[in-house]
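What follows is one structure encoded as structure tokens, with my remarks underneath.
Each chain gets a letter, A, B and so on, in the order its sequence line appears, and its residues count up from 1. Since the model is a prediction, treat every value here as computed from it, not as a measurement. Keep in mind that the numbers below use all heavy atoms, side chains included, and drop hydrogens, waters and symmetry copies.
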Number of protein chains: 2
Amino acid sequence: MSEPLDPAMFHDPDCEDRAQPIRVGGKWTAMVLRCLEDGQPRRFSELRVPLHRITPKVLTETLRTMERNGFLARTEYEENPPRVEYALTELGRSLIGPLDTACSWARAHGPEIVEAREAYRA
Amino acid sequence: MSEPLDPAMFHDPDCEDRAQPIRVGGKWTAMVLRCLEDGQPRRFSELRVPLHRITPKVLTETLRTMERNGFLARTEYEENPPRVEYALTELGRSLIGPLDTACSWARAHGPEIVEAREAYRA
DNA sequence: CTGTATCCCGGCGGATACTG
DNA sequence: CAGTATCCGCCGGGATACAG
């Protein structure tokens with residue numbers, strides 16, 4: 001472990017609003033990634049459905065943060081009615097590997113956690 | 001994406017205290033993992049130092065949760081003064097791989113995030 | 001359709017003091 | 001030494017209503 005252990009090092013002092021740690025994940029970030037991993041750009045409303053009817057405010061926040069971090073690109077078409085599409089960037093796609101790794105671990109070891117919790121009651 | 005997208009599926013209804021989502025990570029969990037990854041058991045006070053003087057309450061919470069999830073084993077020695085040691089379990093060690101994956105990604109792409117954020121200001 | 005604007009609540013995480 | 005007990009502030013995330 002040559003790296004320092006202070007989580008403060010992951011904070012971005014240049015953030016204009018409130019202190020925003022560098023992190024992949026709000027609650028919905030990974031799932032937005034899953035929704036877009038096939039490469040197909042999707043619209044705001046299209047994303048809401050598979051995300052369990054996430055409220056517009058929360059989806060906007062998630063999308064903005066991901067855009068700000070360079071994970072996805074927002075394309076606004078000058079039409080009426082308005083149309084906006086979101087798609088993963090190359091950087092966003094690079095997250096899919098690590099995400100898969102984490103998901104694989106969870107699928108493989110999730111039951112062990114449940115067992116451990118039951119055992120802990122005793 | 002054959003998996004469902006509802007984060008509610010990650011919640012453990014059998015948790016006795018408050019609803020506790022199945023998650024690897026509180027703020028300090030990954031770093032506790034780093035502190036113990038060499039296999040050497042460590043004491044409560046030994047852990048506090050590299051963890052940026054984390055308060056005892058927060059360290060206790062982190063440790064308890066990790067123990068409850070089966071990530072580490074707590075061994076209490078009947079001595080005076082009291083001595084308690086924490087060590088990773090096999091399940092805990094299995095987390096190191098995914099953690100390394102995430103850290104590698106962060107080290108490789110962190111600068112791109114910083115760039116993206118700067119670009120976003122414009 | 002694609003968002004903002006408000007309001008609100010629960011809980012994580014920290015500070016401080018105390019105990020077996 | 002190895003924790004508990006209390007108190008508290010912040011902010012992520014949800015509900016609801018409204019706007020361009």
Side-chain angles (χ1 to χ4, degrees), chain A residues 5-8 10-12 15-32 35 41-49 51-69 72-87, chain B residues 5-8 10-12 15-32 35 41-49 51-69 72-87:
Chain A
L5 286 176
D6 186 356
F10 295 112
H11 287 259
D12 176 10
C15 185
E16 57 188 4
D17 33 43
R18 46 175 163 263
Q20 182 104 10
I22 295 184
R23 58 169 179 190
V24 175
K27 180 176 181 179
W28 300 99
T29 309
M31 281 173 284
V32 169
C35 288
R42 289 198 163 74
R43 309 176 61 165
F44 191 87
S45 297
E46 286 182 288
L47 290 172
R48 289 194 64 191
V49 181
L51 295 177
H52 208 244
R53 316 292 302 165
I54 182 176
T55 61
K57 178 203 154 204
V58 175
L59 181 54
T60 301
E61 287 170 354
T62 304
L63 259 20
R64 282 286 188 284
T65 299
M66 292 178 73
E67 185 191 1
R68 182 175 136 78
N69 287 340
L72 53 79
R74 178 179 180 278
T75 310
E76 195 171 350
Y77 296 90
E78 311 274 338
E79 298 176 2
N80 196 304
R83 185 170 124 245
V84 179
E85 286 188 341
Y86 295 89
Chain B
L5 286 175
D6 186 356
F10 295 111
H11 285 260
D12 177 9
C15 185
E16 56 188 6
D17 34 40
R18 47 174 163 264
Q20 180 105 7
I22 293 182
R23 57 172 180 186
V24 173
K27 180 175 179 179
W28 299 98
T29 309
M31 280 172 288
V32 170
C35 288
R42 288 199 164 71
R43 308 174 61 162
F44 192 86
S45 296
E46 286 181 289
L47 289 172
R48 288 194 64 190
V49 181
L51 294 178
H52 208 245
R53 315 293 302 165
I54 183 176
T55 61
K57 178 202 156 204
V58 175
L59 181 55
T60 301
E61 286 169 355
T62 304
L63 259 21
R64 284 284 188 284
T65 300
M66 292 178 72
E67 186 191 1
R68 181 175 136 80
N69 287 339
L72 52 79
R74 179 180 180 278
T75 310
E76 195 171 349
Y77 297 88
E78 311 273 339
E79 299 178 4
N80 195 303
R83 187 170 121 244
V84 178
E85 286 188 340
Y86 296 89

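- At least one donor-acceptor pair closer than 3.5 Å links the side chain of B:Arg42 to the backbone N or O of B:Cys35.
- One finds no side-chain N or O of B:Arg83 lying less than 4.0 angstrom from the OP1 or OP2 phosphate oxygen of D:dG3.
- The shortest distance between the side-chain N/O atoms of A:Arg74 and the OP1/OP2 oxygens of C:dG3 is below 4.0 Å.
- The side-chain tip of B:Arg83 points at the ring of B:Tyr77 from less than 6.0 angstrom away and within 45° of straight on.
- Residue-to-nucleotide proximity on DNA chain C shows that, of A:Ser45 and B:Ile54, the 5′-proximal contact is made by A:Ser45.
- Using a distance-only test at 3.5 Å, with no hydrogens or angles considered, a donor-acceptor pair links the side chain of B:Glu46 to the main chain of B:Arg43.
- Counting any heavy atom pair closer than 4.0 Å across all strands shown, B:Arg64 reaches sugar-phosphate atoms only and no base atom.
- Taking only side-chain nitrogens and oxygens, A:Arg43 comes nearer than 4.0 Å to OP1 or OP2 of C:dT2.
- For the OP1/OP2 pair of D:dG14 and a distance below 4.0 Å, the side-chain nitrogens and oxygens of A:Lys27 include at least one atom meeting the criterion.
- At a threshold of 4.0 angstrom between heavy atoms, the contacts of B:Arg48 with the nucleic acid are absent.
- Between A:Pro82 and A:Thr55, the one whose closest nucleotide on DNA chain D sits nearer the 5' end is A:Thr55.
- Between the P atom of C:dC1 and the CD atom of A:Glu79 lies a distance of 13 Å, rounded to the nearest Å.
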